[in-house]
Amino acid sequence: MLKKLGSCVREYTWIALLAPLCMIGEVVLEVLVPYYMADLVDLGIQQGNMQVIKSVGLRLILLAFAGMLCGCLGAITSSVASSGFAANLRHDMYHNIQRFSFSNIDKFSTAGLVTRMTTDVSNVQMAFTMLMRMAVRAPATIIFAMIMAMKINTKLATLFLYILPVLGIGLFLIMRKAMPLFTKMFTIFDRLNSTVQENVRGIKVVKAFARENEENKKFRNVAEELYTTSYGAEKIMAFNGPLMTTCMYTTMLLIAWLGAKMIVSDTMTTGQLISINSYVMQILTSLMMLSMMLSMSSMAIAAGKRITEVLNEEPDITDAPAAEQQVADGSVVFENVSFGYGDSADCLSDISFAIEPGQVVGILGGTGSGKTSLVQLIPRLYDVRSGRVLVGGCDVKELAMHSLRKAVSMVLQKNILFSGTIRENLLWGNENASDEQLLQALKWAQAYDFIAEKGGLDAGVDQGGANFSGGQQQRLCIARALVSEPKVLILDDSTSAVDTATEAQIRRAFKEDLPGTTRIIIAQRVSSVQDADKIIVLDHGRIDAIGTHEELVAGNRIYQEILQFQKKGGDFDAPE
């Protein structure tokens, strides 16, 4: 984990190394102050020697000023290095997430990824800052202060050695109890974010069903669980303070008692006792800093493990070493394909069919029959478990994914528009497309008229396309797919929110203006695919029949049931 996280420091390495050096310089200068204070008291104040007072006083002022400069420089360099480290960490995580296949994404929830890139990174950044400052400053102070204290009086200095085992054992037990709670706390953070995200995204549905109270209760339950867990962790960590305070004041009392006896017996001066007490404070304050750092490191370790999971996740789908860069045509062939998600059973079994370039193919079937799973294999959003999928006569595993997905445009079931403008959304299909190409795509998708009314290509798009109706969002997504001029166009139930007249116009535009583009249409309405060159009927992950509308009406029971059910005004989906 540390090696992986450490690799994200990169260009900030020299700054990260400079910060500890500044901290060490500050420590050395601070440790010298009590040493000269002893001379100021013993040789200057007690003897009334103004020359010594001025000389030592000037030295103390210079030490304080130099220490302040080192401290400021250390604070600046550590802040720059930690901010750069966090930026690189977020960049690397985001970049790796972009490489994930759908199966990789399925392993992490959206809320979990958001938490990792925000809260977890902030915790690790804070720990990195402490590592450059406290983790260097505190041990260095303890070591140098101990050396100087022993130089003044070895007997009193050895009192520290008796207190260290007590502190070490206490801190170990505290961390051992708190660490599992911090790990659990981050998991609950994921659930809390997921609850908020789900509620905000579906706020219209929540209000439509008057479910505000139930959603509040759901949020309150998760928030209370987070409170209970974090309270338990912090309650354990709270023992740090009393432990450190007890050790600190016990040591100070023992030194004051023994030091007073030594002064009476003339084996120690007043100035030396003052210096010893200063070193006691420096050492115990440093121990307090270390205990705080160890407390926060418990959260940072838990966060770091979660971040490393994302950084170490390797894409399940990658390009072959000598991947083909060109897709020859829009032909699609399935050869004995079987597929399933994760470790679950196959949701597609023994699928075989062939589509010629420019053909229109409809796919029908009941809920859960595998329609969406099937078409997701064509642009290689998932890989098959067995068999082969060929596009343009080449196995998709041998095609470069960038080229494959440029040649195969897919309009997903969920319509996703991004905040910005119409132009910016359409350019996702082809960033070099001209305005004429964009407008033509809008016309094919029957979206030109309402876009013109809203202000044209530069009209704004709210987050998630909230300022457009469901049917308008679908048409804009179709237009975006058409801008790339694909060889294969997949419409996954992409006209379900469009009225039948507009859908007919879209089909007519495809037929007249895109005759060379292979079109694969998943639909719930028979009317959406009845003019297709062939229709594939799926049933529980298997092909039940392939044929034209007339052939299926004459000889396929499932197709007949769907048709009859829809003629009676039933649901668009097949009866179970």
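For the atom pair CG of Leu476 and CG of Leu426, the computed distance is 6.5 Å after rounding to the nearest 0.5 Å. Once rounded to the nearest 0.5 Å, the distance linking CD of Glu314 with CZ of Arg99 reads 5.5 Å. Atom OG in Ser484 sits 12.0 Å away from atom CG in Leu427 (nearest 0.5 Å). Rounding to the nearest 0.5 Å places CG of Asn430 at 13.5 Å from CZ of Arg480.
Around atom CD of Gln98, more than 12 heavy atoms belonging to other residues, nucleotides or ligands sit under 6.0 Å away. More than 12 heavy atoms of other shown residues, nucleotides or ligands fall within 6.0 angstrom of atom NZ in Lys107. Around atom CE of Met126, no more than 12 heavy atoms belonging to other residues, nucleotides or ligands sit under 6.0 Å away. Counting heavy-atom neighbours within 6.0 Å of Glu11 CD, excluding the residue itself, gives a total above 12. Summarising the local packing, NZ of Lys454 is surrounded by more than 12 heavy atoms from other residues, nucleotides or ligands at distances under 6.0 Å. At most 12 heavy atoms of other shown residues, nucleotides or ligands fall within 6.0 angstrom of atom CZ in Phe219.
For the residue pair Val461 and Thr421, the shortest heavy atom distance occurs at CG2-C, 3.7 Å. Contact between Ser409 and Lys406 at its shortest, heavy atoms only, is OG-O, 4.5 Å. In terms of heavy-atom proximity, Val9 sits nearest to Ala16 at CG1-CB, 4.3 Å. Of all heavy-atom pairs spanning Glu313 and Asn96, the tightest one is O-ND2, 3.0 Å. The nearest pair of heavy atoms linking Ile451 to Leu457 is CG2-N, 4.3 Å. Scanning all heavy atoms of the two residues, the minimum distance from Ala145 to Gln282 falls at CB-OE1, 4.0 Å.
A cation-pi arrangement, defined by a distance under 6.0 Å to the six-membered ring centre and an angle within 45 degrees of its axis, is absent between Lys177 and Phe239.
Considering only heavy atoms from C-beta on, Met68 comes within 4.5 Å of Cys72 through its side chain.
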Full working for salt bridge (charged side-chain N to carboxylate O under 4.0 Å, His left out) between Glu214 and Lys217: CA-CA 5 Å; Glu214 288 75 7; Lys217 183 179 179 181; over 6 Å; no
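Proximity of the aromatic rings of Tyr341 and Phe102 is defined here by a centroid distance below 6.0 angstrom, and this criterion is not met.
Within the 3.5 Å criterion, the main-chain N or O of Phe85 finds no donor-acceptor partner in the side chain of Asn88. Not a single donor-acceptor pair under 3.5 Å links the side chain of Asn425 to the backbone N or O of Leu417.
One finds no salt bridge joining Glu309 and Arg306 here, because no Lys/Arg side-chain nitrogen approaches an Asp/Glu carboxylate oxygen to under 4.0 Å.
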